[in-house]
Amino acid sequence: MEEVDHLAHERNKAQFDVEAMKIVWAGSRHAFEVSDRMSRLVASDPAFRKDNRATLSRKELFKNTLRKAAYAWKRIVELHLSEEEASKLRFFVDEPAYTDLHWGMFVPAIKGQGTDEQHQKWLTLAYKMQIIGCYAQTELGHGSNVQGLETTATFDPKSDEFIIHSPTLTSSKWWPGGLGKVSTHAVIYARLIIDGRDHGVHGFIVQLRSLDDHLPLPGITIGDIGMKFGNGAYNTMDNGVLQFNHVRIPRNQMLMRVSQVTREGKYVQSDVPRQLVYGTMVYVRQTIVSDASSALSRAVCVAVRYSAVRRQFGSQDGGPETQVIDYKTQQSRLFPLLASAYAFRFVGEWLKWLYMDVTKRLQANEFSTLPEAHACTAGLKSLTTTATADGIEECRKLCGGHGYLCSSGLPELFAVYVPACTYEGDNTVLLLQVARFLMKTVSQLGSGKQLVGTTAYMQRAEHLMQCTSDVRSAEDWLKPSFILEAFEARALRLAVTCAKNISKAPNPEEGFSQLSPDLAEAAVAHCQLIVVSKFIDKIQGDIDGMGLKEQLQALCGIYALSLLHKHLGEFLSTGCITPKQAALANEKLRSLYAKVRPNAVALVDAFNYTDHFLGSILGRYDGNVYPKLYEEAWKDPLNDSVVPDGYHEYVRPLLKQQLRTAKL
Ligand SMILES: CCCCCCCCCCCCC/C=C/C(=O)SCCNC(=O)CCNC(=O)[C@H](O)C(C)(C)COP(=O)(O)OP(=O)(O)OC[C@H]1O[C@@H](n2cnc3c(N)ncnc32)[C@H](O)[C@@H]1OP(=O)(O)O
Ligand SMILES: Cc1cc2nc3c(=O)[nH]c(=O)nc-3n(C[C@H](O)[C@H](O)[C@H](O)COP(=O)(O)OP(=O)(O)OC[C@H]3O[C@@H](n4cnc5c(N)ncnc54)[C@H](O)[C@@H]3O)c2cc1C
């Protein structure tokens, strides 16, 4: 039967070159080609089927994940895939698995904190998956407070070993992914004790399970921590619990790039800052920002396509009803999310560049940009994951009742995604790290110190603290200089107000604690400014392709002005803009929604997602939603029999009893 594209009329309206936008979205032609090839490879292979996850029991689900991970590795080896291709393939398999932690944290932890000899020994094994590793930092009693971890690594000079021990229940490692059932090794974080002296938290490589029979090694208690939020979802992952009872490891298994313990038991701190022990978190937070754009774009793709298919009300003279995407309220909820997906993509690209830059500098023993890299990765991780988790849920609501069905793909996407607001640093805790960085920067204003990077705008404090916006027409709000000035002035004024209020407290720590809700808001304002400014930079760079710049300008305007609308109280109370200018911003926003409307479906097509990856009937490329929803319902195991199990035991007796009562 010929396939009908129910969204063809939408695609025909597009005013830009979708193929060219696919390249911009992917980052380069090469990145597009790799991504396209890997997504098709996964989608065309029945071994990667994922539409039955919600109905599997935990054990079936987990075994299925093990099968897929092994099969993915087989394909990676058979096809001689590069690291880039392999990581894309895993991404499109789209199932949280122990391999995420092996490749995403265990390997980077050794790379970042290990010495050359440690790389040689451990990375060689890890790259071939001859050992499988996880990242065991968090404990039952402490996650955010890394300095509060209780596991100990006591140096024994007689045997030249560390004794790893869990002294309390709360010191049990708790949460690490891949730990519960699979990992043979872990990078664990423990307090280094030498001769009774506590040198703080350090990383150690510890073997957990036998490479022969997979049983835990002596002194190690290990298991899964239990079911998590949602059916399927993150339950494919074996987040684990781990206790050590005086487990001995050789001295050379302490990760020794940052500091060393000599044979004589001397603690040597090298020139590199102690904070490099936290380096893996900086790396992963950076990857999480790009992942946010992937998760949000996926939800938005579903909601945009379905909103174009769905019709409700407004039929005149027997004509078709209104597509729900044409309701202005739908647009005002949906298009800022579409714009955010693009915004997070571009800020993710920039953050990757920043991370690579800081890594190069660290290798050359240049540490000055580390605090900024920490603040940017922490702040943007917090901002983008919060917005994405909220955005996925909003997309579910934008799809009405059908969004609540698992077959919409949105409930599972939300359940898998929402812990990103917690892992790799609770989002509020991370905002407070940004706030500390901002307070330090504000304290340097007027000192003559040159401010660079993302705080360079504060150099113009004198102007930004007293300026009023020159916006006179709705059209003015499209000019980058007006948008940037408003966002800069708001961010700086919020930060300076916090600093002033802190200075009134008996001491800075007390002041910081009292002001922390305001500080978190100031941090959000600073991070939003970063995202807006990187979006503007992107548009001002080289962008080829018919109509691309116009579309991206519209999306950038929507991102910035919808934030301005959402945080209007801050823009007005800090005096950055007037109520009249706020009204003009709204007027512009409405016109931008109208500009994006005919392009909306094409703008989500540019994400180039296969139906397999989207995993959503509502988001199908061909828009053939209703027949497929109907078909899918019949596949539910409850529909295997017409009369359900339990009818004879529990329903029939009730009905019979009612009959008897009725006769009485
Ligand atoms: C298909 C393949 C996919 C690959 C993708 C892989 C991704 C997979 C991800 C998905 C799986 C999720 C797995 C999840 C894993 C985890 O969750 S691991 C555990 C993560 N844990 C945390 O994030 C803990 C959060 N807490 C902290 O980071 C810190 O404790 C703290 C909050 C930052 C406080 O640190 P602390 O030392 O106690 O205190 P301070 O006194 O505040 O800081 C001291 C100074 O150090 C600076 N600093 C802090 N952190 C860093 C850092 N990371 N880098 C650089 N500098 C840092 C801080 O600013 C202070 O500086 P000064 O003010 O100058 O002293
Ligand atoms: C799905 C998932 C996977 C994970 N994977 C791993 C892994 O592979 N390896 C690993 O080591 N860990 C892992 N973790 C653990 C994760 O890193 C921690 O849960 C996270 O860092 C948050 O720490 P916490 O649980 O201690 O939260 P808490 O710090 O206890 O947070 C509780 C509340 O207290 C607030 N709070 C805490 N401190 C402050 C403060 N100073 N100021 C203001 N408010 C504060 C928080 O905002 C939050 O609202 C994972 C967690 C999850 C959910």
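First listed ligand is number 1; within each ligand, the first listed atom is number 1. In this chain, residues are counted from 1 in sequence order. As a basis for the values below, the full set of heavy atoms in this structure was taken, side chains included, without hydrogen atoms, waters or symmetry mates.
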By the definition ring pair (Phe, Tyr, Trp, His ring centres under 6.0 Å), identify the one residue from Y135, W103, Y355 that meets it with Y283.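 Testing each of Y135, W103, Y355 against Y283, the sole residue satisfying ring pair (Phe, Tyr, Trp, His ring centres under 6.0 Å) is Y355.
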
What closest approach, in Å, do G511 and A505 show between heavy atoms, and which atom pair accounts for it?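 Distance-wise, the nearest heavy atoms are CA-CB, 3.3 Å.
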
To check you understand the geometry: which heavy-atom pair defines the closest contact between F607 and A341, and what is its length?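 Heavy atoms of F607 and A341 come nearest at CZ-CB, 4.5 Å.
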
Nearest heavy atom to [atom]: which of [options] does it belong to?
atom                    : options                : result
atom 26 (O) of ligand 2 : P176, G177, C421, G143 : G143
atom 15 (C) of ligand 1 : M439, M237, E424       : E424
atom 30 (O) of ligand 1 : S144, P371, P176, A109 : S144
atom 28 (O) of ligand 1 : R285, Q286, K381       : R285
atom 47 (O) of ligand 2 : D426, I225, T422       : D426
atom 5 (C) of ligand 1  : T287, L370, L101       : T287
atom 51 (C) of ligand 2 : W175, Y234, Y189       : W175

So which protein heavy atom does [atom] come closest to, and at what separation?
atom                    : result
atom 45 (C) of ligand 1 : Q275 NE2, 3.3 Å
atom 24 (C) of ligand 1 : G143 O, 3.6 Å
atom 55 (C) of ligand 1 : H374 CB, 3.5 Å
atom 9 (C) of ligand 1  : V284 CG1, 4.0 Å
atom 37 (O) of ligand 1 : Y278 OH, 2.5 Å
atom 22 (C) of ligand 1 : M281 SD, 3.3 Å
atom 32 (C) of ligand 1 : V429 CG1, 3.6 Å
atom 62 (P) of ligand 1 : K440 NZ, 3.2 Å
atom 9 (N) of ligand 2  : Y135 O, 2.8 Å

Of all the atoms in ligand 2, which lie at a distance below 4.0 Å from a heavy atom belonging to [X]?
X    : result
T428 : 47 (O)
P419 : 1 (C)
L101 : 8 (O)
Q137 : 11 (O)
V429 : 36 (N), 37 (C), 38 (N), 39 (C), 45 (C)
L432 : 42 (N), 43 (C)

Between G104 and ligand 1, does any nitrogen or oxygen pair lie at a separation below 3.5 Å? no

Can you check whether a protein heavy atom sits less than 4.0 angstrom from [atom]?
atom                    : answer
atom 3 (C) of ligand 1  : no
atom 23 (O) of ligand 2 : yes
atom 39 (O) of ligand 1 : no
atom 43 (O) of ligand 1 : no

Is it true that Q137 lies under 4.0 Å from ligand 1, counting heavy atoms only? yes

May I ask whether W103 places a heavy atom under 4.0 Å from ligand 1?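 No.
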
Separation of T168 OG1 from E139 CD (nearest 0.5 Å): 7.0 Å

Inter-residue atom distance S172.OG - F244.CZ, 0.5 Å rounding: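 If I round to the nearest 0.5 Å, the distance is 10.5 Å.
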
Aromatic ring pairing [X]/[Y], orientation class (parallel under 30°, perpendicular over 60°, tilted between):
X    : Y    : value
F229 : F414 : perpendicular
F106 : H185 : tilted
F91  : F613 : tilted

Tell me which part of [X] gets within contact of ligand 1: side chain, backbone, both or neither, using heavy atoms under 4.0 Å.
X    : result
Y234 : side chain
L430 : neither
V146 : both

Could you walk me through whether M38 and V42 pass side-chain contact (heavy atoms from CB on, under 4.5 Å), step by step? CA-CA 6 Å; M38 291 303 119; V42 172; 5.6 Å; no

Aromatic ring centroids of H202 and F162 under 6.0 Å? no

Check whether the ring centres of F48 and F92 lie less than 6.0 Å apart, and answer yes or no. no

With a 4.0 Å cut-off on heavy atoms, is E424 in contact with ligand 2? yes

Side chains of [X] and [Y], heavy atoms from C-beta outward: is any pair under 4.5 Å?
X    : Y    : answer
I502 : L519 : yes
K381 : N427 : yes
M237 : L101 : yes

Just jot down the ligand 1 atoms closer than 4.0 angstrom to any heavy atom of R90, in number order. 1 (C)

Chi angles and distances behind the side-chain contact (heavy atoms from CB on, under 4.5 Å) call for F437, H374: CA-CA 9 Å; F437 173 72; H374 166 50; over 6 Å; no

Geometry only, no angles: is S144 polar-contacting ligand 2 at N/O separations under 3.5 Å?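 Min N/O separation from ligand 2 is below 3.5 Å for S144.
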
Side chain, backbone, both or neither: which part of T138 comes within less than 4.0 Å of ligand 2 when only heavy atoms are counted? both

Under 4.0 Å from ligand 2, counting heavy atoms only, is it the side chain of N239, its backbone, both or neither?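 For N239, only side-chain atoms sit under 4.0 Å from ligand 2.
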
Intermediate values then yes/no, side-chain contact (heavy atoms from CB on, under 4.5 Å), T497 and D518: CA-CA 9 Å; T497 306; D518 299 26; over 6 Å; no

Before giving the answer on side-chain contact (heavy atoms from CB on, under 4.5 Å), spell out for I392 and R298 the whole-Å C-alpha distance, their side-chain angles and the decisive distance to 0.1 Å. CA-CA 9 Å; I392 295 169; R298 204 167 145 177; over 6 Å; no

